[in-house]
Number of protein chains: 2
Amino acid sequence: MLTIGTLSKKTGTKVQTIRYYEQIGLMPEPGRTEGGQRRYDNAQLDRLSFIRHSRQLGFSLDAIRELLDLSDHPNRPCHEADAIARRQLKQVEQRMARLKALRTELKRMVHECSGGRTGDCKVLEVLRDHSECLTEHEEIGV
Amino acid sequence: MLTIGTLSKKTGTKVQTIRYYEQIGLMPEPGRTEGGQRRYDNAQLDRLSFIRHSRQLGFSLDAIRELLDLSDHPNRPCHEADAIARRQLKQVEQRMARLKALRTELKRMVHECSGGRTGDCKVLEVLRDHSECLTEHEEIGV
DNA sequence: GATACATCCTCTAGCCGCTAGAGGTTCAAG
DNA sequence: CTTGAACCTCTAGCGGCTAGAGGATGTATC
């Protein structure tokens, strides 16, 4: 029987986060002591590890919900899990491509900064005038 | 004199977002018509373009606040702007490194999926057992 | 001058994935 | 039996928007 604190330490998840996962139905409601404190078993520890590891690989909580569901039904065909992972891979590759373009632009900005006054600063100039950019980078928030 | 809708179209910023920027003090309070509608001038259009372009390059609203401040004072030395850009560059590079590791792992997962039942699915297996990973990827949320 | 209707206004609440804190209770060791 | 660490619930906040309700304004056309 594990307390929430033990689970927290074993998985590197904050206590509040574990309770949050329970609240949104990602973790099942655990047993309780007479006094009302949560007690977990090893199955629940495994489940939380799965969740955390998936988060580290960038899966959204919704995707994890699906993956957990698939994991709970070992006889179903696994192409769905595969599809989710492929989707995630694609997203990661898109993000990388975008970051690469940003890096190019930032490098150029920093490189061309003369170190003089802000009035002549290449960094600020580029920010002011998108046409000085070599790449397009329309989407915000990646 | 530009309406908020015109500003929105010209910069690709949603109307609500412009009002939000005003609310948090990133955009100045514009003039108003008698009826109370916002009217902007070209200086404000430039400012919004600066903000949006900076967002596209991944700067946080706080960083943009600093950059705008520097941009407003052309006689100051520009090493601060340079430092902010370098910081951003560093962050982008860190994210890229992390994404690269994730990509490796995801590729391997997807590649090893046999296409059978979920019970034997490599994707789910890897998620279950971190020790099957080649790389460490501890941080969440990049 | 009247009417239509697109655009504007304010306000509140929601998104994701947590995180923090207040204020109070329970558990386990000594 | 006392201490004090760990637990409990509840509410609110983070960044950076986004959506919708419910109503007012502005402009083009008749």
Side-chain angles (χ1 to χ4, degrees), chain A residues 1-27 29-40 44 48 50-68 88 91 95 98 138-142, chain B residues 1-27 29-40 44 48 50-68 87-88 91 95 98 137-142:
Chain A
M1 287 298 112
L2 311 161
T3 65
I4 198 168
T6 314
L7 213 63
S8 166
K9 267 166 217 145
K10 289 207 183 205
T11 60
T13 315
K14 301 219 166 154
V15 167
Q16 299 284 49
T17 305
I18 299 173
R19 291 201 274 248
Y20 169 72
Y21 288 162
E22 181 184 330
Q23 198 186 300
I24 61 167
L26 207 56
M27 284 292 285
E29 291 191 20
R32 301 266 185 162
T33 62
E34 281 198 13
Q37 299 196 355
R38 291 167 177 83
R39 289 298 120 100
Y40 296 89
Q44 280 155 325
L48 184 54
F50 185 106
I51 294 170
R52 281 275 110 181
H53 192 201
S54 304
R55 285 292 297 134
Q56 285 165 3
L57 287 165
F59 290 94
S60 72
L61 294 184
D62 266 0
I64 294 171
R65 218 183 282 273
E66 290 184 71
L67 289 166
L68 278 167
Q88 179 62 18
Q91 223 181 74
R95 281 199 211 167
R98 240 182 73 61
E138 293 312 327
E139 301 154 71
I140 287 181
V142 169
Chain B
M1 286 300 112
L2 310 161
T3 66
I4 198 168
T6 313
L7 213 63
S8 167
K9 267 166 219 148
K10 288 205 183 207
T11 60
T13 316
K14 300 218 165 156
V15 167
Q16 300 283 49
T17 305
I18 299 173
R19 292 201 274 248
Y20 169 71
Y21 287 162
E22 181 185 329
Q23 198 185 300
I24 61 167
L26 207 58
M27 283 292 284
E29 292 191 19
R32 300 265 183 161
T33 61
E34 282 198 13
Q37 298 196 355
R38 291 168 177 82
R39 289 298 120 100
Y40 296 90
Q44 280 156 324
L48 184 54
F50 186 106
I51 293 171
R52 282 275 109 180
H53 192 203
S54 304
R55 286 292 298 133
Q56 284 165 3
L57 287 165
F59 290 93
S60 71
L61 293 183
D62 267 0
I64 294 170
R65 220 184 280 273
E66 289 183 72
L67 289 167
L68 278 167
R87 217 193 299 147
Q88 179 62 19
Q91 224 182 72
R95 280 199 213 168
R98 239 183 73 60
H137 38 82
E138 294 312 326
E139 300 152 72
I140 287 182
V142 168

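Note that this is a predicted model, so its numbers are computed, not measured. Quick note on labels: first sequence line is chain A, next is B, and so on, each numbered from 1.
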[X] side chain near [N] phosphate (N/O to OP1/OP2, under 4.0 Å):
| X | N | result |
| --- | --- | --- |
| A/Thr3 | D/dC7 | yes |
| B/Tyr21 | D/dG16 | no |
| B/Arg38 | C/dC8 | no |
| B/Thr33 | D/dG26 | yes |
| B/Arg19 | C/dC8 | no |
| B/Lys14 | D/dA19 | yes |
| B/Arg32 | C/dC8 | no |

For [X] and [Y], which heavy atoms make the closest approach, and how far apart are they?
| X | Y | value |
| --- | --- | --- |
| A/Thr17 | A/Arg52 | CG2-NH2, 3.7 Å |
| B/Glu22 | B/Glu29 | OE2-CG, 3.9 Å |
| A/Thr33 | A/Arg39 | CG2-NH1, 3.3 Å |

Sugar-phosphate, base or nothing in reach of A/Arg52, heavy atoms under 4.0 Å: sugar-phosphate
Sugar-phosphate only, base, or nothing, as touched by B/Ile24 at under 4.0 Å among non-hydrogen atoms: nothing
Position toward the 5' end of DNA chain D (nearest nucleotide), A/Lys9 or B/Asp62: A/Lys9
Atom-pair distance (CG on B/Leu26; C1' on D/dG16), nearest Å: 11 Å
Distance, rounded to the nearest Å, where A/Phe59 contributes CZ and C/dG17 contributes P: 13 Å
Donor/acceptor link under 3.5 angstrom from A/Gln23 side chain onto base of C/dG17: no
